[in-house]
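The next block holds one structure in the form of structure tokens; read it before the comments.
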2 protein chains.
Amino acid sequence: MNKVNLKDIAKHLGISIATVSYVLNGQEKERRVSSATAEKVREAIHQFEYTANQIAKSLKTKKTNTIGIIVADINYRFTTHVVRAIEKECQLYGYTVIFGSSYENPETFLTILNVLINKQVDGLIVIPVDNDRGYIEQLKSREIPFVIVDRVPEGSDLSIVSIDNKDLAYQCTQHLVKTGHQRVAFMSYQTGLSHLLDRKAGYVTALQDADIEIDQNLIIEIDEKNFVRGVQSGIDALLERGKSCDGIFFTTDTIAVEAIKYLNQKGIRVPDQVGIVSFDESDAFPLFHVPVTHGRQPLRQIGEVAVKMLLELIDENTPKGNTILKSTFIVGKSCGEK
Amino acid sequence: MNKVNLKDIAKHLGISIATVSYVLNGQEKERRVSSATAEKVREAIHQFEYTANQIAKSLKTKKTNTIGIIVADINYRFTTHVVRAIEKECQLYGYTVIFGSSYENPETFLTILNVLINKQVDGLIVIPVDNDRGYIEQLKSREIPFVIVDRVPEGSDLSIVSIDNKDLAYQCTQHLVKTGHQRVAFMSYQTGLSHLLDRKAGYVTALQDADIEIDQNLIIEIDEKNFVRGVQSGIDALLERGKSCDGIFFTTDTIAVEAIKYLNQKGIRVPDQVGIVSFDESDAFPLFHVPVTHGRQPLRQIGEVAVKMLLELIDENTPKGNTILKSTFIVGKSCGEK
DNA sequence: AATAATTGCTTAAACGTTTAAACAACATAA
DNA sequence: TTATGTTGTTTAAACGTTTAAGCAATTATT
């Protein structure tokens, strides 16, 4: 038994499809459907449990009430939290979410982009792919509203949601200094991505403001290809005698977790031997023997704002721009705090 | 400038829409389009970068190449891993994924169900909502192919992907016994859900097989409403003098993590004072000072199999049934293993 | 030479909606 | 009386595809 459609309802009531449609779309007043007819229609709709075929509707109205989101990998803490907020917010506004993962692969990214566009999504939220350069041009040439999350590319006619990476990195570094660490190291990925450059700038500025000289030996930048080994040899290098490093600022939670594992393994005591601060938290932190001091991005808010910006963009009544959200700083005990 | 459609292509070439469509769908042979014409069409398609409007296509073919998945919360380890596999598998077969979260709320679940059905998804994968009873009837009455993951409801004309919960729980318990623990406790949620009942059965059977008497005092079942307190008072109860509990089997990773946090906090040494095993792992385990022995569900495989079953169901050439996947058991050092 | 088969296309209906435009019936105003 | 409005409804085109059916031109068969 096939789903009942407008025609079925109309035939059953002996009226035209148009009339039924008007009632359904709340246009009885404008289209002067008599209240008797309207009532009949409502009854029939209820009786037959009619629900509109959104595909047909979309074809006609050119609106799918669907947004696409392209993430790097759903299996990241950042992603799940942001996606969760996006989906919640969309539920609120009657939008649904189609999603695809690029797995950091630019080609996959473009494939997904095409699929989503052919599905006629009303807009896109993009959590960018590392190392991908051309996607913004592709997006722009498609004339589809989109919002970029997290990463701030050049070019200002874009809609972007991000946080002040430099500021939060500044706070992280400053906290290490304030808790008595003199030789504060920096551990990050080897990359040209804006958010990580900003974090480095925050680190540098904080040290300068504290009149501490920057020591290039304390700056470790890891090749992602060789992640685990990179972290380990980075830690080894930092903690070798002579360097007298007494604090480390990790620019991502992934690096922090891997480093903490290794510190655990080597029996290095935190915070006694070395104080640590992480940019971003990890669900794993609570299992470490001491609460890890860290910066916290407002992931939920990032998702919410991204959706709001996108929906405004879709409704065409908004200027584009970069929305910068406030982060918070969570003080634990990994720097020897009282 | 609007997207180019079949009509544009046809007009440009001075041929009919039908011919273009036939070429596009690889029906040149059957429909006897001359190779000259076909070539012209292909060129034009390329030149204008034509891509089909999937909405129109779907309306006609009644196929959206989209599946819906309803999860409890994207923010769970189980969910992200399964969803990741589902999406990867779908990419392979040219399907896209629409998703919605029920947040454990049956009403939200039904709302999402309706939205997805109106979007004409070809099928559904459902990671069930705790405490929801009616959803299966709702699903069945909708005559839409669907696969249930993880939880095994009564009624056998369903397609289900699950693991052998009893068997894996048996292994977990047996391992505690084999590593010298005599007074093995069980900590789970207070629930009637099949997978947790099965895990309890595994625990009981393992002890019986080892000729150890079941002690109701060592069985803790936590009210989810009061989760953190429940875990803590459960641990307190188990470790109080007199009970001489020397091992605990946690039936979920969430319970295990919360318990480990509390053990940490209280300074209780694992595995010296108490050995622990967890059903399911957590990304947090590596930060614990000792590797946690645990059962591992084949999450990726669960996702893959769910998709395969669903696509077969959609193509109508498959019997339904319960596919039970093999789990593995990861030996750490949390039971005092050498 | 007449008929049949093949080739290469086109026509047009259909999918389930929305919506501008038309229309019939009646009421009101001049 | 004629024109003018108002009310309640229907008609039909359109959205961008797919696809069965039709048809003219050419080629093959008898």
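- Atom-to-atom distance recorded for Gln297(A):CD and Leu325(A):CG is 9.5 Å, nearest 0.5 angstrom.
- Looking only at atom types and distance, the side chain of Asp122(B) has no donor-acceptor partner in the side chain of Thr66(B) under 3.5 Å away.
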Practice task
Given ring pair (Phe, Tyr, Trp, His ring centres under 6.0 Å), test His81(B) with Tyr76(B) step by step and report yes or no.
Solution key: CA-CA 9 Å; His81(B) 284 253; Tyr76(B) 294 161; over 10 Å; no
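- Residues Thr61(B) and Thr37(B) both approach DNA chain C. Their nearest nucleotides, taken by heavy-atom distance, put Thr37(B) toward the 5′ side.
- Closest approach of Phe99(A) to Ser101(A), counting heavy atoms only: CE1-OG, 3.7 Å.
- Nucleic acid contact for Ile55(A): none, since no nucleic acid atom lies under 4.0 Å from a heavy atom of the residue.
- In the helix from dA1(C)-dT30(D) to dA30(C)-dT1(D), the terminal helix axes, each the rotation mapping four pairs' C1' atoms onto the next four within five end pairs, subtend 70°, rounded to 10°.
- For DNA chain C, the outermost nucleotides in 5' to 3' order that have an atom under 4.0 Å from a heavy atom of chain A are dG16(C) to dA20(C).
- Contact check for Ser159(A) versus Ile148(A): no side-chain heavy atoms found under the 4.5 Å cut-off.
- Between Asn25(A) and Ser21(A), the side chains place a donor N or O and an acceptor N or O closer than 3.5 Å (distance only, hydrogens not considered).
- In this structure, Lys60(A) reaches the bases: a heavy-atom distance under 4.0 Å links it to at least one base atom across the strands shown.
- A salt bridge links Arg42(B) with Glu39(B): at least one charged nitrogen is closer than 4.0 Å to a carboxylate oxygen.
- Along DNA chain C, the nucleotide nearest Asn5(A) and the nucleotide nearest Ile15(B) are compared for position; the residue whose nucleotide lies closer to the 5' end is Ile15(B).
- The shortest side-chain heavy-atom distance between Phe48(A) and His12(A) falls under the 4.5 Å cut-off.
- Residue-level contact check: Ser58(B) touches neither bases nor backbone, having no heavy atom under 4.0 Å from any strand.
- Ion pair Glu304(B)/Arg300(B) flagged as a salt bridge, since at least one NZ, NE, NH1 or NH2 atom sits closer than 4.0 Å to an Asp/Glu carboxylate oxygen.
- Among the atoms of the strands shown, only primed sugar atoms or phosphate atoms (P, OP1, OP2) are found under 4.0 Å from some heavy atom of Ser34(A).
- Using a 4.0 Å cutoff on non-hydrogen atoms, the parts of residues 18-33 of chain A near DNA chain C are Ala18(A), Ser21(A), Tyr22(A), Asn25(A), Arg31(A), ordered by number.
- Annotation: the span from Thr323(B) atom OG1 to Lys308(B) atom NZ amounts to 11.5 Å, rounded to 0.5 Å.
- With salt bridges taken as basic N to acidic carboxylate O contacts below 4.0 Å, none links Asp8(B) and Lys3(B).
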